[in-house]
Each structure stands twice: as C-alpha cells, then as structure tokens.
Amino acid sequence: MHLTAEERSWLAGDAGPALRRAAEIVVALGKIYGAERLIPVRSVQISGVSYRNLGPAGLDFLQRWAAESAQVRVPTTLNPAAMDLVNWRRQGFDPDFAEKQQAVIDAFARMGVGEGTPVPTCTPYLVGNVPTLGEHVAWAESSAVSYANSVLGARTNREGGPGALAAALLGRTGAYGLHLDENRCATLRVKVQAVPETIADYSALGAVIGKAAGQHVPFFVGLSLTRDDPLWREKLKALGAAMAATGAVALYHVADVTPEARAGDVLAAGHEALTINALLPGYAMLSDPGNAVDLVWVGCPHASLPEIARITERVAGQRLTVPLWITCARPVLEVATAQGHAATLEAAGARLIADACMAIAPAQTLGFDTVATPSAKGAFYLRNLAGVAAHFGPLERCLGAAIKGRRTA
Ligand code: F3S
C-alpha cells in the first residue's frame, strides 16, 4: 500500500501511541480489503456506544485512548447510547448503569467527538452532518451508511467501531469497497410490483429485499416514489435501514430518485434480477405470535421532525394505555419541544426519548417483553439483540396498539 510520509510517521509512532494504534488499524483493514492507498474523509460516525454492548472491557478500551490525549481530526458523531442521557431515570435505568453509560460518552467527548459535546444518533444527516455527492466519509451505523451512500451519494463502507474511531483520529480510511467507482454499480435489478405507500411499507419492502439481496447493490424500478413526496427521504431511510438489517445492503439506487441513478445507467453488466409482488411477507417475517404489547417504539432509525409531527397529530387528545416511546436525536427533540409536539405527546402518554435506541437498551430490565414497532430494523434487532418479542406493523396499527393496549388484526 502506498502511504504518505505523514502516514508512515504515524505508523512509526512519531505522533504518539494513540495515532500509531489508529494507523495500524486503518492500514491493516486497508490491506485486508485491497486498498492501494488511504484517502481523507470529511466526517466519521462511530458505533459501539451502548454500555450494554461495550461492557467494562469496552469502556476501559475507550478510556485508555482518551487518556493518551487522542483527538479526532474531522467532524465526528456517535451512534445512539442505551439511554436518554438526560432523562434516564424516567426511562427506568439504574444509577450504576447510567454512570457507566455516561462514562462512555465522556471518553468520546475527551477525544473531541462532537467538539466535546457528542450528539448520539443514528441519523447524523438530520442534525447537520450531511455529506454531499461523491464525498468520502467513514460511517459505522448500517442505516446511516445506507442513507449516506444511496440517498446522499456520499461514499462510505460500513466501518466497525474501532475502525471508525481510528479513522476519526487519522481523518483517513482505506480506498476500497464503496469508495471506488467500480463497486457502486447495481448488481441486482429489483422490479417492485407491490405498491408500498407508507414509511412502514418501505420498511417491509426492505426486509424482503435485504433477505434476498445479501450484499448485492439493488436498483429499484417500478416504485412510484418521487422527490415530490414530502416523506420521500423518510421512506428511503426506512427502506435502507431494513435492507441493512435483514441483509448487508450498504448501497442501493432508485430509478429517477437517488442521485447516482439520476446521473445515468447504474446497472452493472451481468446483473441479476428479482421481482417483488407482496409486502406482507416483510411484515410477517418480523412479527412474533400473540397480541400482548407493553411498549410501542417509533424512531428506528431516529425520527425526523415530519415523522414526529405526524404521530403527534394522530395521538393528540388520546389517552394511551401502553407507553409510546419515540426515539430521536436531541436537537430534533429540542425543535419538537419548541413546536409544542413534546407537550402534546406527553399529555397523551407518549414520550420523546433522545440519544437512545431500544434495540441496544436492556429492554427486559426496563420491564418490556413485547414491543410493537413500524420499523423492520427495529423489530429485527429487538428480537435478535434485545431478546424481546416484536410486532412489526404499519404505524397506524402500532398507534392503535398504544391506544387499545393490544395488537389487533
Ligand atoms: Fe438507530 Fe437503533 Fe434503529 S441505532 S437504526 S434506532 S436499531
């Protein structure tokens, strides 16, 4: 691999042990994936933030880097934590867990993440970190990676936690995978004959395609989606998140909508083809039997302001019998509060939760066994990571469950 003089000096340890370790990680990953050089990145998004997943060893790892005065070189954001960093008591977290989770955030803050005030979210593109067409970034969270590549046309592989942290300290990543033109062509033509309408429908579609597509780059034709749809970004956010959860899709194109599909023919020679006739299997594959619901969770990926406004409108004046938690980035929560949505939601028995993700929270310890969600990705990880039962269904049905206290057909 060709390295610049500065990169070689990092590897030699001239800039201290933290940069040497970071360079070793980035160069080793580059060699594994065949990179010929490193490239500068404009921003980094780091995963591995929940103390539930990191445990004492992960916290110790981060604190050692922070103690060596390691500092990020490019704007860097964090994935969600397990809890709302301000209102964790209301969520039911115990002080010992909260202290450890805060220590994780503090370690990242000392390294300069978020300029010392990290904003944990899986939707950095909703809070000002918006890479542009062709820009190289190093993001870690799979739905954010999918959104950056597909909807924004930026270029990122799906970084692992240590790889992303190392990339942030260097401001570099290896030039391989989706950073290269030749890997951005579609390898699977997907003809959609079912008609997805709602955001949850796009999530169900993504669940089906992700399972079938694996690591392919899908090119969707036949979708009626246009950029005139006020929720077109939210629909693609849901589609990409689901494909990255049930499969490993990190880039997709939608005819006439996503930037690289608008720029010309993105189909690779010798591509495969797939036709999708129904969305129901997407909902069914991520729903457990039974009607009980003890939490309704919306905001996977983190909810945008238009999504929060829709839910507020729907539950205004109602009295929910099951808690409804809407996860979002803290700056989004602040605007939603200023616009009166938070007060309306609270009056109905719903709550905006910042910083957090229920899939990486200790859901059972918080008293939840069955969670309804309009997100395929949320349902996938609730079942496979949080270890609770899930009902994946359209938003209307999830809100109905919050109102009636049970899932209905
Ligand atoms: Fe975000 Fe958690 Fe969903 S990280 S995409 S809310 S599983």
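Everything numeric in this text was worked out from a predicted model, so none of it was measured. Order of listing sets the numbers, starting from 1, for every ligand and every atom in it.
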Validation: residues 367-374 side-chain donor-acceptor distances under 3.5 Å, sequence neighbours left out:
{"unit_1": "Thr373", "atom_1": "OG1", "unit_2": "Trp297", "atom_2": "O", "d": "2.9"}
{"unit_1": "Thr373", "atom_1": "OG1", "unit_2": "Ser375", "atom_2": "N", "d": "3.2"}

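- For the side chain to side chain contact (heavy atoms under 4.5 Å, CB included) test, no residue two or more places apart in sequence or in another chain qualifies with Glu99.
- Below 30°, between 30° and 60°, or above 60°: for Phe220 and Tyr252 the angle between ring planes is above 60°, a perpendicular geometry.
- For residues 118-138, the pairs satisfying salt bridge (Lys or Arg N to Asp or Glu O under 4.0 Å) are Arg42-Glu135, with sequence neighbours left out.
- Using a 4.0 Å cut-off between charged side-chain N and carboxylate O, Arg330 and Asp84 make a salt bridge.
- Of all the atoms in ligand 1, the ones that sit under 4.0 Å from a non-hydrogen atom of Trp297 are 6 (S).
- With hydrogens and angles left out, the side-chain atoms of Ser43 and Trp139 include a donor and acceptor closer than 3.5 Å.
- Protein contacts to atom 3 (Fe) of ligand 1 involving N, O or S atoms at a distance below 2.8 Å are Cys300 SG.
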